[in-house]
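All values derive from a computational prediction rather than experimental measurement. Basis for what follows: all heavy atoms, side chains included, without hydrogens, waters or symmetry-related copies.
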Amino acid sequence: MSPAYRIIKIFLYTFFKVFYGLKVFGVENIPNEGGFIMAANHASYFDPPVIGGVSTRRVRFMAREGLFKIPLFGSFLKIFAFPVKRDKPHPSAIKGAVRRLRQGELIVMFPEGSRSVDGTLLEAKRGLSVIAAISRMPVVPTFIRGTEKALPVGARFPRPSKITVTFGIPLVMHKDETEKQFQERVNRDIIKEIENLNGKV
């Protein structure tokens with residue numbers, strides 16, 4: 001973790017702690033080393049910086065390509081993320097993500113593919129499970145609560161809200177499991193695993 005990244009991380013954590021009472025649970029479920037996917041629900045533009053602030057390791061995001069076109073925000077995003085298409089994962093993006101995971105990086109993905117308007121979890125897109133299966137890396141379910149109120153879809157200004165982040169037990173590929181089986185299991189279970197974390201704090 002570079003000094004510049006560490007400064008940004010400390011700033012983000014402090015900001016959300018002071019203004020939104022940020023609380024974090026399940027940090028022990030974040031692997032200390034090796035590549036893995038952090039799969040989180042997505043209801044607000046606050047979600048990426050919140051994750052960046054609380055993660056014990058440096059994060060890389062797979063972000064919707066349209067976000068990179070937003071003035072200033074897009075330029076800042078390039079430091080932490082690489083673009084993917086919303087509905088259909090591009091082969092080059094998949095290869096790039098798999099390469100980063102095998103190099104030991106932590107990649108954050110939002111399996112829903114887009115922000116939920118009311119915070120209700122949406123159906124998982126295929127991209128996350130494909131990358132998990134090809135890379136054979138663990139998937140850590142992550143539930144973010146409160147950002148859907150702090151900065152909901154369509155809001156122009158932030159609002160008061162308490163924010164919590166909960167990390168769950170990783171989904172791992174079993175020794176007797178094929179890539180296809182792991183892909184199907186992740187695609188089937190990841191949203192349920194994320195949703196189940198809502199009642200654990």
Side-chain angles (χ1 to χ4, degrees), residues 9 12-13 16-17 20-44 46-63 80-81 97-98 100-102 104-116 118-150 161-177 179 181-201:
K9 170 183 163 54
L12 291 174
Y13 179 84
F16 287 110
K17 183 69 174 179
Y20 294 95
L22 178 63
K23 293 184 179 180
V24 187
F25 303 91
V27 175
E28 67 276 8
N29 291 318
I30 298 178
N32 292 323
E33 58 184 16
F36 74 94
I37 298 171
M38 186 179 290
N41 59 308
H42 193 24
S44 171
F46 267 177
D47 294 333
V50 166
I51 289 293
V54 302
S55 175
T56 55
R57 292 176 52 184
R58 180 167 186 165
V59 301
R60 276 285 192 180
F61 292 91
M62 293 192 73
F80 306 95
V98 170
R100 290 174 184 276
L101 287 167
R102 289 176 175 171
E105 293 190 21
L106 183 177
I107 292 181
V108 180
M109 296 183 65
F110 301 113
E112 300 162 281
S114 60
R115 290 173 299 157
S116 170
D118 58 1
T120 302
L121 272 74
L122 308 174
E123 183 178 347
K125 302 293 184 182
R126 191 170 62 93
L128 184 148
S129 61
V130 170
I131 293 169
I134 295 175
S135 67
R136 298 173 174 245
M137 294 297 173
V139 180
V140 177
T142 305
F143 185 78
I144 308 170
R145 181 168 59 191
T147 55
E148 77 283 358
K149 297 178 181 178
S161 178
K162 296 294 183 181
I163 295 177
T164 62
V165 180
T166 306
F167 299 105
I169 298 173
L171 296 175
V172 298
M173 187 173 181
H174 302 146
K175 292 182 179 180
D176 60 348
E177 196 171 29
E179 287 186 5
Q181 289 172 332
F182 185 48
Q183 177 185 335
E184 291 175 348
R185 179 161 64 91
V186 170
N187 195 63
R188 181 189 69 235
D189 296 346
I190 190 57
I191 294 298
K192 180 176 64 177
E193 292 291 331
I194 294 172
E195 195 168 29
N196 287 343
L197 295 173
N198 188 23
K200 292 189 176 182
V201 296

Separation between [atom1] of [X] and [atom2] of [Y], rounded to the nearest 0.5 Å:
{"X": "Thr147", "Y": "Phe46", "atom1": "OG1", "atom2": "CZ", "result": "9.0 Å"}
{"X": "Ile190", "Y": "Leu171", "atom1": "CD1", "atom2": "CG", "result": "5.0 Å"}
{"X": "Glu148", "Y": "Asp47", "atom1": "CD", "atom2": "CG", "result": "8.5 Å"}
{"X": "Glu105", "Y": "Arg58", "atom1": "CD", "atom2": "CZ", "result": "8.0 Å"}
{"X": "Phe143", "Y": "Thr164", "atom1": "CZ", "atom2": "OG1", "result": "7.0 Å"}
{"X": "Phe36", "Y": "Asn29", "atom1": "CZ", "atom2": "CG", "result": "10.0 Å"}

How close do [X] and [Y] get, heavy atom to heavy atom, and via which atoms?
{"X": "Ser135", "Y": "Ala132", "result": "OG-O, 3.4 Å"}
{"X": "Pro170", "Y": "Val140", "result": "CG-CG2, 3.9 Å"}
{"X": "Ile194", "Y": "Pro141", "result": "CG1-CB, 4.0 Å"}

With [X] via side-chain hydrogen bond (donor to acceptor under 3.5 Å, both in side chains) - residues at least two apart:
{"X": "Thr142", "answer": "none"}
{"X": "Ser116", "answer": "Asp118"}
{"X": "Glu184", "answer": "none"}
{"X": "Arg185", "answer": "Glu177"}

Measure from the side-chain N and O atoms of [X] to the backbone N and O of [Y], and report whether any donor-acceptor pair falls under 3.5 Å.
{"X": "Ser161", "Y": "Gly146", "value": "yes"}
{"X": "Lys125", "Y": "Pro111", "value": "no"}
{"X": "Gln183", "Y": "Gln181", "value": "no"}

Which residues pass the side-chain contact (heavy atoms from CB on, under 4.5 Å) test with [X], not counting sequence neighbours?
{"X": "Ser55", "value": "Met38, Arg57, Val59, Leu106"}
{"X": "Ala97", "value": "Met62, Phe82, Ile107, Ile131"}
{"X": "Lys162", "value": "none"}

(request) Using side chain to side chain contact (heavy atoms under 4.5 Å, CB included) as the criterion, point out the one residue from Ile163, Leu12, Val24 that pairs with Val50. (result)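 For Val50, the side chain to side chain contact (heavy atoms under 4.5 Å, CB included) test succeeds with only one of Ile163, Leu12, Val24, which is Ile163.
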(request) Can you sort out the partners of Arg60 under salt bridge (charged side-chain N to carboxylate O under 4.0 Å, His left out), two or more places apart, ordered by chain and number? (result)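 Checked Arg60 against salt bridge (charged side-chain N to carboxylate O under 4.0 Å, His left out); zero matches.
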(request) Mind checking salt bridge (charged side-chain N to carboxylate O under 4.0 Å, His left out) for Glu193 and listing every partner two or more places apart, or none if nothing turns up? (result)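 So Glu193 forms no salt bridge (charged side-chain N to carboxylate O under 4.0 Å, His left out) with any residue.
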A quick test of your reading: do over 12 heavy atoms of other residues, nucleotides or ligands sit less than 6.0 Å from [atom1] of [X]?
{"X": "Lys149", "atom1": "NZ", "result": "no"}
{"X": "Lys23", "atom1": "NZ", "result": "no"}
{"X": "Glu28", "atom1": "CD", "result": "yes"}

(message) With salt bridge (charged side-chain N to carboxylate O under 4.0 Å, His left out) as the rule and sequence neighbours excluded, what pairs involving residues 129-144 come up?
(response)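 Of all non-adjacent pairs touching residues 129-144, those that pass salt bridge (charged side-chain N to carboxylate O under 4.0 Å, His left out) are Arg136-Glu179.
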(request) For Phe182, check ring-ring contact (aromatic ring centres under 6.0 Å, His included) against everything at least two apart and list the hits. (result)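 Applying ring-ring contact (aromatic ring centres under 6.0 Å, His included) to Phe182 gives none.
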(request) Go through the structure and list residues passing ring-ring contact (aromatic ring centres under 6.0 Å, His included) with Phe110, not counting sequence neighbours. (result)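 Partners of Phe110 by the ring-ring contact (aromatic ring centres under 6.0 Å, His included) criterion, ordered by chain and then number, come out as His42.
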(message) Checking Ile134 against Arg102 for the side-chain contact (heavy atoms from CB on, under 4.5 Å) test, could you report, in this order, the C-alpha distance in whole Å, the side-chain angles of both residues, the deciding distance, and whether it holds?
(response) CA-CA 10 Å; Ile134 295 175; Arg102 289 176 175 171; 4.1 Å; yes
Would a 4.5 Å heavy-atom cut-off, applied to side chains only, mark [X] and [Y] as touching?
{"X": "Leu197", "Y": "Phe25", "answer": "no"}
{"X": "Glu123", "Y": "Ile191", "answer": "no"}
{"X": "Arg145", "Y": "Asn41", "answer": "no"}

(request) Before giving the answer on side-chain contact (heavy atoms from CB on, under 4.5 Å), spell out for Phe16 and Val54 the whole-Å C-alpha distance, their side-chain angles and the decisive distance to 0.1 Å. (result) CA-CA 10 Å; Phe16 287 110; Val54 302; over 6 Å; no
